[in-house]
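Chain identifiers are assigned alphabetically (A, B, ...) following the order of the sequence lines, protein sequences preceding nucleic acid strands; residue numbering begins at 1 within each chain.
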There are 2 protein chains.
Amino acid sequence: MSDTSTATPESLSQTLAESGLRSTPQRELVFNVLLKKRDHPTADEVFARVKAEMPTISLATVYNCLETLVQCRVVRAVNFERGPTRYCPNQKPHAHFHDESTGSTHDIDLPPGLLDQVKSILPDGYDSNSVEIIFRGKAKD
Amino acid sequence: MSDTSTATPESLSQTLAESGLRSTPQRELVFNVLLKKRDHPTADEVFARVKAEMPTISLATVYNCLETLVQCRVVRAVNFERGPTRYCPNQKPHAHFHDESTGSTHDIDLPPGLLDQVKSILPDGYDSNSVEIIFRGKAKD
DNA sequence: AGTGAGATTTAGAATAATTCCAATAAACTA
DNA sequence: TAGTTTATTGGAATTATTCTAAATCTCACT
Ligand SMILES: [Mn+2]
Ligand SMILES: [Mn+2]
Ligand SMILES: [Zn+2]
Ligand SMILES: [Zn+2]
């Protein structure tokens, strides 16, 4: 059973190509680091993880790569409070749960139809192409 | 018919007092400016509007007042993308619609029960005390 | 009314995250 | 392989916000 929720490493170079962008070791590594530990890291955290494998990479490049991955829609940028942007490789539509006691962020699967249901509250004249749902609270564990 | 969705100017000093804080001309004015034009201004925008009436106020004070109003829960801080925090005096539970073509933000009323319905998707062990819903798209007008 | 304690405001310095820039390097194309 | 375009890099610049320390204000108490 293959995971359709995220692009696989092999498919990244294809996705990049489809956008007229090149596959580079930096882009591949940044993406792999996001896939490996899905804790919604900041750019700085991605930088630290990536540097362990590619010590010469620069922070500017990490920002560039993340931006590129977001443009290609293989990664989502998440902002739920002032503070560094966080990055998420989960391609499946999902909500975010921000645990206020630990500071950690969890993905919450959405039951089919929920997004449409939520979109249906929009008055006439509002045409939405994306819905973001953010929970805040405390999670067991 | 009184508007129960936002605190009235008179009630602010009471709300402040309940939190052990003082009512000051700066706090009152910052709050009134938010009530007067509900376009989710940034701190800088609030500063500009407030300065028109109180030319000696400082930006630091505007930040301080906004922070105070958020603590007292008479104002909501809104962050849906990297970029300056925006401030909203609508106390009623509501969603935000971010119009990508104009950059403007609209409040969307929530039908009763919707928040509970959305909260009900949370798996066991997740205890949420707030839900935020953000739409992105284009609005007529 | 006068005094002192604590709260608030203020200007400017400091910080954090991100973006910009101009030079180098790498990748693709012909 | 030469030429062209795209990507990476380190450092400077920018933006939004927070911090700091001094001045001012408010309130409670006399
Ligand atoms: Mn970051
Ligand atoms: Mn601002
Ligand atoms: Zn996520
Ligand atoms: Zn609002």
Side-chain angles (χ1 to χ4, degrees), chain A residues 12-33 40-51 53-72 74-87 103 105, chain B residues 12-33 40-51 53-72 74-87 103 105:
Chain A
L12 176 59
S13 86
Q14 189 172 8
T15 303
L16 287 167
E18 281 163 11
S19 304
L21 299 166
R22 295 174 181 170
S23 170
T24 67
Q26 289 87 348
R27 285 170 178 170
E28 296 286 346
L29 182 52
V30 165
F31 186 51
N32 285 334
V33 151
H40 303 82
T42 64
D44 265 357
E45 287 165 344
V46 172
F47 180 49
R49 293 174 199 181
V50 152
K51 219 165 34 168
E53 297 205 38
M54 185 187 281
T56 57
I57 199 171
S58 74
L59 178 58
T61 297
V62 169
Y63 272 104
N64 291 339
C65 291
L66 289 169
E67 166 72 7
T68 298
L69 297 174
V70 169
Q71 304 300 6
C72 294
V74 297
V75 166
R76 264 215 251 173
V78 180
N79 287 281
F80 24 67
E81 57 194 346
R82 184 114 251 291
T85 298
R86 297 179 166 274
Y87 296 89
T105 298
Chain B
L12 176 59
S13 86
Q14 188 171 9
T15 304
L16 288 167
E18 281 163 12
S19 303
L21 299 166
R22 293 175 181 171
S23 169
T24 67
Q26 289 88 347
R27 286 171 178 170
E28 297 286 346
L29 181 51
V30 166
F31 186 51
N32 285 333
V33 151
H40 303 82
T42 64
D44 265 357
E45 287 164 344
V46 172
F47 180 48
R49 293 173 199 181
V50 152
K51 221 168 30 171
E53 297 206 39
M54 186 187 281
T56 57
I57 198 171
S58 74
L59 177 58
T61 297
V62 169
Y63 273 104
N64 290 340
C65 290
L66 289 169
E67 165 74 5
T68 298
L69 296 174
V70 168
Q71 304 299 5
C72 294
V74 297
V75 166
R76 264 216 250 173
V78 180
N79 287 281
F80 23 67
E81 57 194 346
R82 175 102 222 146
T85 298
R86 298 179 166 274
Y87 296 88
T105 298

message: Strictly distance-based, threshold 3.5 Å: is any side-chain N or O of R86(B) a donor or acceptor partner for the main-chain N or O of A43(B)?
response: no
field: side chain to side chain contact (heavy atoms under 4.5 Å, CB included) partners of L29(A), counting only residues at least two apart
entry: V33(A), V50(A), E53(A), M54(A)
- prompt: Which listed nucleotide (dT18(D), dT18(C), dT9(D)) is nearest to the side chain of N64(A)?
  reply: dT9(D)
query: Would N64(A) and Q26(A) count as a side chain to side chain contact (heavy atoms under 4.5 Å, CB included) if you check the C-alpha gap in whole Å, the side-chain angles of each, and the deciding distance to 0.1 Å?
result: CA-CA 10 Å; N64(A) 291 339; Q26(A) 289 87 348; over 6 Å; no
query: Using the C1' atoms of five pairs at each end, what's the angle between the two axes of the helix from dA1(C)-dT30(D) to dA30(C)-dT1(D), to 10 degrees?
result: 30°
query: In whole Å, what is the span from the CZ atom of F47(A) to the P atom of dA17(C)?
result: 14 Å
statement: Residues passing the salt bridge (Lys or Arg N to Asp or Glu O under 4.0 Å) test with R76(A), sequence neighbours excluded, are none
- prompt: How do Q26(A) and R82(A) order along DNA chain D: which one's closest nucleotide is nearer the 5' end?
  reply: Q26(A)
- request: Check every atom of dT9(D), dT18(C), dT8(C) against the side chain of A60(A) and return the nucleotide holding the closest atom.
  value: dT9(D)
query: Across the strands shown, which category fits T56(B) at heavy-atom distances under 4.0 angstrom: base, sugar-phosphate, nothing?
result: sugar-phosphate
message: What I want to check is whether the side chains of E28(A) and S13(A) have a donor and an acceptor closer together than 3.5 Å.
response: no
query: For the pair made of CG in L59(B) and P in dT20(D), what is the distance, rounded to whole Å?
result: 18 Å
query: Between atom CG in L66(B) and atom C1' in dA16(D), what is the gap in whole Å?
result: 13 Å
task: Could you state the atom-to-atom distance from CG of L12(A) to P of dA7(D) in whole Å?
output: 12 Å
message: Rounded to whole Å, how long is the line connecting atom CD of E81(B) with atom P of dT19(C)?
response: 11 Å
query: What pairs with T24(B) under side chain to side chain donor-acceptor pair (under 3.5 Å), at least two apart in sequence or on another chain?
result: none
task: For residues V74(A) and F31(A), report the shortest heavy-atom separation together with the two atoms involved.
output: O-CE1, 3.8 Å
statement: Readout for nucleotides 21-30 of chain D: B = base within 4.0 Å of protein heavy atom, S = sugar-phosphate only, - = neither; 5' to 3' it is -----BS---
Residue S58(B), side-chain atoms from C-beta onward, closest of dT10(C), dA7(D), dA16(D): dT10(C)
field: Distance in angstrom units between D44(B) CG and dT14(D) C1', rounded
entry: 13 Å
message: Please enumerate all residues that pass ring-ring contact (aromatic ring centres under 6.0 Å, His included) together with F47(A), with sequence neighbours excluded.
response: none
d(CD, E45(A); P, dT18(C)) in whole Å: 11 Å
- prompt: In whole angstroms, how far is the P atom of dT17(D) from the CD atom of E67(B)?
  reply: 11 Å
- request: For residues V46(A) and P41(A), report the shortest heavy-atom separation together with the two atoms involved.
  value: CG2-CG, 3.7 Å
